[in-house]
Amino acid sequence: MKRIGMLTSGGDCQALNAAMRGVVKSLSYSGEPVEIYGFLEGYKGLIYGNFRMLTGADFSGILTKGGTILGSSRTPFKLMREPDENGLDKVEAMKQNYYKLRLDCLVILGGNGTHKTANMLREEGLNVVTLPKTIDNDLWGTDMTFGFQSAVNIATDCIDCIHTTAASHGRVFIVEVMGHKVGYLTLNAGMAGGADIILIPEIPYDINKVVDAINKRSERGSKFTILAVAEGAISKEDAALSKKEYKKKMADYKYPSVSYEIAEKIQKKTGLDVRVTVPGHTQRGGSPCPYDRVFASRLGAEAGRLILKGEYGFMVGYKNREIVKVPLEDVAGKLKMVAPDSDIIREAKLLGISFGD
Ligand code: F6P
């Protein structure tokens, strides 16, 4: 008998359900009796002992379902060691609930913050297996995260729709894509949607270079320009500020987001009409794309296999086209970012895409 605790933590994404279904299916298929304890709303459920016993029926019909049947929440890692408002020691509470339920292991699905806590629980002696979810694809130790390809599809659809209206009106359009620290989503959706300019956090932009790229298109007879801009796109001047100076600047920031600042500057410098579109959380919503369904199922199946073998302390990831296990201590606290000198950036530049650098 295996007693498994399961939780989904952090921002949700597509294929969380597909991944959990994969774990449960592979465990059940092995013939080993299993009990699944689903902790509700991420680590909160584990801290406060809020769980539901789940059976095979709970995982039936959820392969295609977005969101997470367990609910999720953000419980920042930096607050984990701080007592809650009633003085509860959260880490001790998680451990106690784990031992009280006599769990064999926890299956934790999440992104960067989630992995820091998962690794801490491992260090505290709990058995943990994790699965890499995030639309940002910014987890260290895996070439791909589930949710990413579905989000690329949605952001690309958005850029596709903008294309037709941008062409009709001869405007400059900015599509703001999710990703505060990392630009994989913007880069991929931007390239897939044929954006002319792509601005990502890893490559600070010079607004004059952005304007040059727009003017060059106008000179060549193109009536419109499309920019894919990451939420975390940053100008060269801002990137040069100290943390303190940048924080001060942002405290008085008058724009809803960076795209509106860029739009205002482009409008002033070119006289062209500029519009901003923000697909926002639609990028995390809806049904997972086929790639994510397959990918999340594969990761889930492998997690099930590890659990049956009693191999704990790993994230199941994807490296060089293979499903692999990566030690949690190698994953926690590291960010996978787009390398400005990577092949894909070089190739995008060969296609004439400007990164404003
Ligand atoms: O989970 C990743 C992410 O979707 C980022 O791309 C985005 O910047 C952030 O979460 C949004 O967070 P929230 O849902 O808390 O507003």
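We number each residue from 1, following the sequence as shown. Here the structure is a predicted model, which is why all the values come from computation and not from measurement. We count ligands from 1, going down the list as the structure has it; atoms in each ligand are counted the same way.
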What protein heavy atom is closest to [atom], reported as residue, atom name and distance in Å?
{"atom": "atom 12 (O) of ligand 1", "answer": "Arg74 NH2, 2.9 Å"}
{"atom": "atom 11 (C) of ligand 1", "answer": "Arg284 NH1, 3.6 Å"}
{"atom": "atom 2 (C) of ligand 1", "answer": "Asp136 OD2, 3.3 Å"}

Can you tell me how far CE of Met144 sits from CG of Asp292, rounded to the nearest 0.5 angstrom?
8.5 Å
Going from CE on Met94 to OH on Tyr99, what distance comes out if it is rounded to the nearest 0.5 angstrom?
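Answer for the CE-OH pair, Met94 versus Tyr99, is 12.0 Å.
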Just checking, Lys265 and Tyr260: is the charged tip under 6.0 Å from the six-membered ring centre and within 45° of the axis?
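Geometry flag: not set, cation outside 6.0 Å or 45°.
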Within-shell test, Gly179 vs ligand 1, heavy atom, strictly < 4.0 Å:
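Checking ligand 1 against Gly179, which is what was asked, there is a heavy-atom contact under 4.0 Å.
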Which atoms of ligand 1 are found less than 4.0 Å from any heavy atom of His281?
13 (P), 14 (O), 16 (O)
Ligand 1 to Glu231, heavy atom cutoff 4.0 Å, flagged ligand atoms 7 (C), 8 (O)
Please determine which of Arg275, Lys254, Lys269 meets the salt bridge (charged side-chain N to carboxylate O under 4.0 Å, His left out) test together with Glu264.
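When salt bridge (charged side-chain N to carboxylate O under 4.0 Å, His left out) is applied between Glu264 and each of Arg275, Lys254, Lys269, only Lys254 qualifies.
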Pick one of side chain, backbone, both or neither for how Leu185 approaches ligand 1, counting any non-hydrogen atom pair under 4.0 Å.
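Under 4.0 Å from ligand 1, Leu185 contributes no heavy atoms.
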Could you tell me whether the side chain of Thr117 and the main chain of Thr114 form a donor-acceptor pair under 3.5 Å?
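No, Thr117 side chain to Thr114 backbone: no donor-acceptor pair under 3.5 Å.
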Quick one: closest heavy-atom pair of Ile345 and Ala339, and the distance?
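Scanning both residues, the minimum pair turns out to be CG1-O, 3.7 Å.
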